[in-house]
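Below is one structure, written out as structure tokens, with a few remarks after it.
Nothing here was measured: the structure is a model prediction, and the numbers come from that model.
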Amino acid sequence: FFGFPELLIPDPDEPPLIKGWIPFIGKALEFGKDAHGFLEKHKRKYGDVFTVQIAGKYMTFIMNPLLYPSIIKQGRQLDFHEFTDKVAPVTFGYPPVLGNTFHGLWEQIKRSFQLLQGDHLEPLTESMMGNLMLVFRQDHLDRAGDWRSGGLYEFCSSVMFEATFLTIYGKPASGVRHRGMDDLRRDFNKFDSMFPFLIAQIPIWLLGRTKAIRQKLISYFLPQKMSRWSNTSQFIQRRSELFEQHDKLKDVDKAAHHFAILWASVGNTLPATFWATYFLVSQPQALKVVRQEILDVLRDDGVEFDASRDVLLSKEQLDKLIFLESSINESLRLSSASMNIRVAQEDFSLRLDNDRSVGVRKGDVIALYPQSLHLDPEIYEEPQTFRFDRFVQDGREKTDFFKDGQKLRYYLMPFGSGSSMCPGRYFAINEIKQFVSLLLLYFDLQLEDGQNRPRLDSSRAGLGILLPSSDVRFRYRLRAD
Ligand code: HEM
């Protein structure tokens with residue numbers, strides 16, 4: 001998407017330029033292997049602003065989080081959407097949205113994101129609760145007493161995938177669960193493993209069976225199928241309606257848009273749910289505090305938890321779970337590696353702080369890489385350690401974190417920033433809270449012996465929450481009390 005850049009002529013106010021020794025590929029290989037290590041190494045050598053040639057693109061990294069606000073507030077000159085409209089269509093297989101073909105569609109799509117937030121969260125939360133309960137009841141709450149074992153990633157992702165799917169897209173024409181969910185998830189995982197290559201604009205025909213798998217996934221969402229589903233979220237209903245207003249969108253294009261939302265809604269949520277669950281199960285003391293918090297919030301509202309009955313946690317109750325929220329934030333801090341990208345819309349001088357500006361040319365890419373902020377020992381003591389209460393202070397959410405003695409405006413950024421911030425973030429945190437609450441309420445949980453913390457699989461570095469490099473074996477059984 002970035003095309004071939006013009007040769008950069010060094011300018012006194014341009015940041016240091018780091019080139020690889022292989023033309024074009026530049027530093028891409030090194031970056032791909034360990035983006036965080038790569039950027040930290042260059043920060044030590046070149047300071048907190050430098051330009052790297054990656055796969056034919058020139059990207060300027062802003063490494064000091066105190067400078068983030070000056071990038072994030074530059075909504076007009078540093079745009080994000082030009083990037084998404086080039087990358088997302090080739091990745092998910094729909095025609096570009098910006099431009100004259102689909103007049104007004106872009107704005108309509110943006111407006112539809114409001115249906116994931118504010119008052120709309122209530123019905124989504126309620127529906128998610130019912131769907132999680134349904135899947136838990138039918139698949140996991142059917143046998144009392146004995147320990148069962150399984151892979152924790154497999155467990156978390158199968159439940160969350162299906163419950164999220166039912167909440168967003170609705171129920172099938174007959175029955176309460178869609179048939180073929182495991183197959184759909186298997187295909188989704190295959191597509192997901194190719195996702196980094198598609199985002200990097202590698203032509204899909206070079207990626208084995210990826211195109212056929214994507215077609216199969218897209219065909220799941222053809223309008224004639226979706227119109228038979230019920231309890232579909234307002235968000236998806238609105239999107240279907242607005243796609244109908246554009247004659248030039250073919251049925252498969254509409255389906256491809258719906259498929260893109262499947263990726264957005266579970267691609268990060270599944271690994272995020274895994275990490276939150278894993279860290280709590282690996283620290284029994286933390287798990288105990290969080291479980292007690294959930295029981296207390298229920299009790300405060302006059303509900304004694306009873307494992308033989310379905311439990312219901314309202315949005316208001318979920319908001320009170322600050323230790324659980326802190327645990328989720330802490331696991332997002334440890335597993336997120338998304339890159340925030342902006343493309344310069346014109347030549348201009350970007351003011352970084354009181355005494356520093358850098359020259360930016362039209363088409364230049366400016367990148368923030370919050371993983372380096374998340375793992376900065378000056379901001380987060382012992383940054384590799386999971387501390388479930390890191391984001392709690394005096395019984396409230398802790399929001400003050402410092403660098404060089406200054407309070408940080410941005411200290412946790414798994415959901416991006418500014419104009420490109422994830423519109424599903426509130427729903428995502430809520431559904432992870434719901435899943436973990438049900439798991440802790442209904443089950444005793446243990447890691448199997450010898451199960452160490454898995455490494456982060458860096459193949460998705462830059463694109464969101466990283467998956468574990470391998471699954472973790474765990475045991476679970478219905479709680480007796
Ligand atoms: C975009 C993270 C869950 C819907 C994004 C972006 C990030 C992100 C980093 C891109 C922002 C940028 O580039 O600056 C996450 C994480 C999640 C999550 C970490 C879970 C833990 C969800 C859910 C939904 C959702 C559950 C929907 C139900 C979207 C959409 C976009 C997006 C539609 C594109 C926004 C646009 O085009 O402007 N998300 N997300 N996300 N996310 Fe999420």
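- Other residues, nucleotides and ligands contribute more than 12 heavy atoms inside 6.0 Å of the CD atom of Gln237.
- The backbone N or O of Gln406 sits nowhere less than 3.5 Å from a side-chain atom of Asp404 that would complete a donor-acceptor pair.
- The shortest distance between side-chain heavy atoms of Arg239 and Leu115 does not fall below 4.5 Å.
- Of the possible donor and acceptor atoms, none in the side chain of His374 sits under 3.5 Å from a partner among the backbone N and O of Ala337.
- Checking side-chain atoms of Ser420 against main-chain N and O of Ser417 turns up a donor-acceptor pair under 3.5 Å.
- Judged as a salt bridge (charged side-chain N to carboxylate O under 4.0 Å, His left out), and not counting sequence neighbours, the contacts of Arg309 are Asp306.
- Counting heavy atoms from C-beta on, the side chains of Glu40 and Ser372 come closer than 4.5 Å.
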Start with the C-alpha distance between Asn131 and Lys171, add both sets of side-chain angles, then the distance that settles side chain to side chain donor-acceptor pair (under 3.5 Å), and finish with yes or no.
CA-CA 10 Å; Asn131 290 322; Lys171 298 195 184 309; 2.9 Å; yes
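- With sequence neighbours excluded, the residues satisfying side chain to side chain contact (heavy atoms under 4.5 Å, CB included) with Ser314 are Glu316, Gln317.
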Stepwise, does the side chain to side chain contact (heavy atoms under 4.5 Å, CB included) test hold for Gln108 with Gln245?
CA-CA 11 Å; Gln108 289 172 316; Gln245 295 164 19; 3.0 Å; yes
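- Other residues, nucleotides and ligands contribute more than 12 heavy atoms inside 6.0 Å of the NZ atom of Lys320.
- In terms of modelled atom types and a separation under 3.5 Å, the side chain of Asp457 and the main chain of Ser459 share a donor-acceptor contact.
- Once rounded to the nearest 0.5 Å, the distance linking CG of Asp253 with NE2 of His258 reads 11.5 Å.
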Going through the distances and angles, do Ser327 and Phe386 end up as a side chain to side chain contact (heavy atoms under 4.5 Å, CB included)?
CA-CA 8 Å; Ser327 308; Phe386 174 83; 4.1 Å; yes
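- Using a 4.0 Å cut-off between charged side-chain N and carboxylate O, Arg148 and Asp139 make no salt bridge.
- The environment of CZ in Arg137 is crowded: more than 12 heavy-atom neighbours from other residues, nucleotides or ligands sit within 6.0 Å.
- Between the side chain of Ser326 and the backbone N or O of Phe388, at least one donor-acceptor pair lies under 3.5 Å.
- Taken from CZ in Arg179 to OG in Ser174, the straight-line distance is 6.0 Å, to the nearest 0.5 Å.
- Pairs of residues two or more places apart, or lying in two chains, that qualify as ring pair (Phe, Tyr, Trp, His ring centres under 6.0 Å) and include a residue from residues 424-469 are Phe136-Phe435, Phe305-Tyr442, Phe443-Tyr476.
- Under the 4.5 Å side-chain criterion, counting only non-hydrogen atoms from C-beta, Leu438 is in contact with Met133.
- Between the side chain of Gln451 and the main chain of Arg473, a donor-acceptor pair closer than 3.5 Å is present.
- By the 30° and 60° cut-offs, the orientation of the rings of Phe92 relative to Phe195 is tilted.
- At distances below 3.5 Å, not a single donor-acceptor pair connects side-chain atoms of Asp251 with backbone N or O atoms of Leu222.
- The line from CG of Leu318 to CE of Met129 is 7.0 Å long, rounded to the nearest 0.5 Å.
- Residues satisfying the salt bridge (charged side-chain N to carboxylate O under 4.0 Å, His left out) test with Glu448, not counting sequence neighbours, are none.
- Ser265 contributes a side-chain N or O that, together with a main-chain N or O of Ile261, makes up a donor-acceptor pair within less than 3.5 Å.
- Side-chain contact between Arg333 and Pro383 is present, with at least one heavy-atom pair separated by less than 4.5 Å.
- For Phe401, the ring-ring contact (aromatic ring centres under 6.0 Å, His included) partners two or more places apart in sequence, or in a different chain, are Tyr380, Phe391, Tyr411.
- Ring-centre distance between His178 and Tyr169: not below the 6.0 Å cut-off.
- More than 12 heavy atoms of other residues, nucleotides or ligands lie within 6.0 Å of CG in Asp142, so this atom counts as buried by the packing criterion.
- Remark: Ser193 pairs with no residue by the side chain to side chain contact (heavy atoms under 4.5 Å, CB included) rule, at least two apart or across chains.
- Within the structure, side-chain hydrogen bond (donor to acceptor under 3.5 Å, both in side chains) pairs that include any residue of residues 216-232 comprise Asp187-Lys216 (at least two apart or interchain).
- Asp192 contributes atom CG, which lies 10.5 Å from atom CG of Leu198 (distance to the nearest 0.5 angstrom).
- Around OH of Tyr410, the count of heavy atoms belonging to other residues, nucleotides or ligands within 6.0 Å exceeds 12.
- Arg477 meets the salt bridge (charged side-chain N to carboxylate O under 4.0 Å, His left out) test with Asp444; sequence neighbours excluded.
- A 4.5 Å side-chain heavy-atom check between Met413 and Ile72 finds at least one atom pair inside the cut-off.
- The shortest side-chain heavy-atom distance between Asn430 and Met128 does not fall under the 4.5 Å cut-off.
- The side-chain heavy atoms of Gln138 and Val176, taken from C-beta on, include a pair separated by under 4.5 Å.
- The list of side-chain hydrogen bond (donor to acceptor under 3.5 Å, both in side chains) pairs with a residue in residues 388-403, not counting sequence neighbours, reads Glu330-Arg390, Asp376-Lys403, Glu378-Lys403.
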Check step by step if side chain to side chain contact (heavy atoms under 4.5 Å, CB included) holds for Ile429 and Leu332.
CA-CA 10 Å; Ile429 296 284; Leu332 290 171; 3.9 Å; yes
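- Residues that satisfy the ring-ring contact (aromatic ring centres under 6.0 Å, His included) test with Phe235, not counting sequence neighbours, are absent from this structure.
- Looking only at distances, a side-chain donor or acceptor of Ser233 sits under 3.5 Å from a matching main-chain atom of Ile168.
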Under the side chain to side chain contact (heavy atoms under 4.5 Å, CB included) criterion, do Leu439 and Val159 qualify, and how do the steps go?
CA-CA 11 Å; Leu439 201 64; Val159 175; over 6 Å; no
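- To the nearest 0.5 Å, atoms OG (Ser331) and CZ (Phe274) are separated by 10.5 Å.
- The CG atom of Leu287 sits 4.5 Å away from the CG atom of Leu440 when rounded to the nearest 0.5 Å.
- Pairs engaging residues 268-295 under the side-chain hydrogen bond (donor to acceptor under 3.5 Å, both in side chains) rule: Gln292-Asp296 [sequence neighbours left out].
- For Arg185, the side chain to side chain contact (heavy atoms under 4.5 Å, CB included) partners at least two apart in sequence or on another chain are Glu154, Ser157, Ser158, Phe161, Asp182, Asn189.
- The closest side-chain heavy-atom distance from Leu466 to Pro271 is not below 4.5 Å.
- Aromatic rings of Tyr94 and Phe259 (six-membered ring for Trp) have centroids beyond the 6.0 Å cut-off, not under it.
- For Arg238, the CZ atom sits in a loose shell: 12 or fewer heavy atoms of surrounding residues, nucleotides or ligands are nearer than 6.0 Å.
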